[in-house]
Amino acid sequence: MARKDKLKFKKTEEIDVPDKIVDQVIGQEDAINVIKKAAKQRRHVLLIGKPGTGKSMIGQALAELLPKEKLKDVLCLPNKKDENNPKIKIVQAGLGSKIIEKTKLKALTQLSGKNQWMFLVVIFAIIFAASIILDWFVGRQASEIMQAATRISGTMIIITLFIGVLVFYSLYKIQSQRKRIIGPKLIVDNSKKESPFIDATGLHEGALLGDVQHDPFQTGGLGTPAHERVSAGALHKASGGVLFIDEIATLNPEMQISILTAMQEKKMAITGRSKRSAGAMVKTDSVPTDFVLVAAGNIETMQKMHPALRSRIRGNGYEIYMKDKIKDNPENVERFARFVAQEIKKDKKISHFTKKAVKEIIKEARRRAGRKGYLSLKLRDLGGLIRVSGDIAKEEGSDSVSAKHVQKARKSAATLEQQIAERYTFDKKEYQIIGTKGTQIGKVNGLAVIGGGEIGSGIVLPIEASVVPAFEKGRGKILATGKLGDIAKEAITNVSAIVKKYSGKSLGMFDIHIQFLQTYEGLEGDSASISVASAVVSALEEIPIKQNLAMTGSLSIRGEVLPIGGVNDKIEAAKEAGIKTIIIPKANEKDILIDTKGIKIIPAKNIAEVLEHALKWPKGKKKILTKIKKSIK
């Protein structure tokens, strides 16, 4: 059934893009409702979800929604009583920079006096008098050689005297200027008068918590005053706004506790972070840290995050699990069209998309969702595809981005996993490691995913099995190579119960060897388990497997074929390798979103259906298939 087109535009330039960030968020309505409450009550938020689902955008939206507080500028001033304890002065936003300007103007006025010119006049008068005395002294010499020698030596003395006086004068001026110019330093500037959004992701300790720089010139009056070496951290600059930290669990426990302290006390002094630095001796008065924390991460963050910090957020805020897909309905399709327009506006370098080009982006969102009837919310990756499409259109001199540009971009913007998979398939076909013709006992074309999540890529995984009598009777072993060995052992354990049911044979009587032919690191999931089981049954019963067929699916102990992920990537990999028939779990049949023209898809509910289609059954052994079917009922 064809989809009804509700997109009412010819190009994306006709689509209105909202000005507010909160209205630009796509598909995270639940999260938006929560942050509206969090902004109103100034609550902290923990966002958990997959990369690229809009966590930082949610943080920016929260900053935008915060009530307009009276923001403050923070000045750091010298302390005459104790240089290592600079004072902190808090003033209205925008006033800090004015105070700094006034201080500079006052200093320049003080330095524009006439005393310095009088000093220079005296110096030149002394030098002039010295030159006259020198000429008089030279004239008294009888010999011309003595006159020349006296003149040279006298000139050298005058020059040395001149340089010495200038050096002395310069040092004197530097010292006096430092005493006169010394003034406050603006360490937090809120002159824009907008609630700050500070992204502190990946910052080191000093940049996050504040620091005092090292001073190499600590003696002789040339050192920099302590207050001028003070630098505010991200959590000070975020006061009155939002402090956003992605992958917060990667911060060391001490830094997480410091953030917790700043949240609780709403203020934190700044001190030097390096023990070997002169700044370690400096500690300011407390600086405001009244921020709203928006922490983000993935599922592992919940285990690795400091429990005290998470407890603080949970007790005084909200925890949100971000969606990674939304329903594929007309309303959400319109939102995706608006997303394309938003990305074009943000980029400012690419042309507008035609309606067909937008439909190609939406088609890609469907494919990346991995389930029929859904659209992927991994918008960062889709944004990359939009930009590459625009670059291709610009390179070709087109004034708009068409569907063909998006199709080209999908190839040019292939992930490393997709490039590796393509090279792998080409090489293995070239050396006939992946077979696509005839039959073979104990060898099957499995399908797997290299990489993980939506950036993974399908790959054909040749698997071979050999079943021989056990070296020690009744103590058979399962010998499998590589990191996929655990998957092989699990699959053999599951199939052993089925074999025992239909044949009475115990796999414990055999040594079973499994080899995954020339596989790459990083293969994901247990979707090769029905492939391993098929290879073992083929080797055990000496029934050949069709080589123009590939399969994917997880096997239960009852012989059921369970659903797997990445079904579209795996089908594409099989097509690329020239395989014509693909067995997939029945439950994944509805998830197929790609063109299957030229290939046959066989959905299977159990291992019996897999073996029925994958093995080439001789007449004399068809009764084995009948027994297998009965054993799994």
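- Side chain of K55 to main chain of K50: a donor-acceptor pair is present (N/O by atom type, distance under 3.5 Å, no hydrogens or angles).
- A donor-acceptor pair under 3.5 Å is absent between the side-chain atoms of E343 and the main chain of I386, judged by distance alone.
- Taking CZ from F291 and CZ from F244, the interatomic distance works out to 14.0 Å, rounded to the nearest 0.5 Å.
- Side-chain N or O atoms of T201 include one that pairs as donor or acceptor with a backbone N or O of D246 at under 3.5 Å.
- In this structure, K346 places its NZ atom where more than 12 heavy-atom neighbours from other residues, nucleotides or ligands lie under 6.0 Å away.
- Surrounding CG of N252 are more than 12 heavy atoms belonging to other residues, nucleotides or ligands, all under 6.0 Å away.
- Using a distance-only test at 3.5 Å, with no hydrogens or angles considered, a donor-acceptor pair links the side chain of S239 to the main chain of D290.
- Applying the side chain to side chain donor-acceptor pair (under 3.5 Å) criterion to H236, with sequence neighbours excluded, gives no partner residue.
- Using a distance-only test at 3.5 Å, with no hydrogens or angles considered, a donor-acceptor pair links the side chain of K575 to the main chain of D595.
- For the residue pair S389 / H405, no side-chain donor-acceptor distance below 3.5 Å is found, with atom types taken as modelled.
- In this structure, the side chain of T53 does not engage the main chain of M322 through any donor-acceptor pair within 3.5 Å.
- Residues E14 and K11 are not paired through a salt bridge, judged by the lack of any N-O separation under 4.0 Å between the basic side chain and the carboxylate.
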Step-by-step side-chain contact (heavy atoms from CB on, under 4.5 Å) determination, Y374 to R366: CA-CA 6 Å; Y374 287 87; R366 291 185 181 116; over 6 Å; no
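- A donor-acceptor pair under 3.5 Å is absent between the side-chain atoms of N445 and the main chain of V460, judged by distance alone.
- Side chain of E360 to main chain of Q407: no donor-acceptor pair is present (N/O by atom type, distance under 3.5 Å, no hydrogens or angles).
- Under the 4.0 Å criterion applied to side-chain N and carboxylate O atoms, E396 and K408 are assigned as salt-bridge partners.
- Counting only heavy atoms from C-beta outward, the side chains of K443 and I545 never approach each other to under 4.5 Å.
- In terms of modelled atom types and a separation under 3.5 Å, the side chain of H44 and the main chain of I313 share no donor-acceptor contact.
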Evaluation steps, side-chain contact (heavy atoms from CB on, under 4.5 Å), between I248 and L309: CA-CA 10 Å; I248 192 164; L309 179 57; 3.8 Å; yes
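- In terms of modelled atom types and a separation under 3.5 Å, the side chain of N588 and the main chain of D591 share no donor-acceptor contact.
- Here D569 pairs with R367 in a salt bridge; the nearest charged N to carboxylate O distance falls below 4.0 Å.
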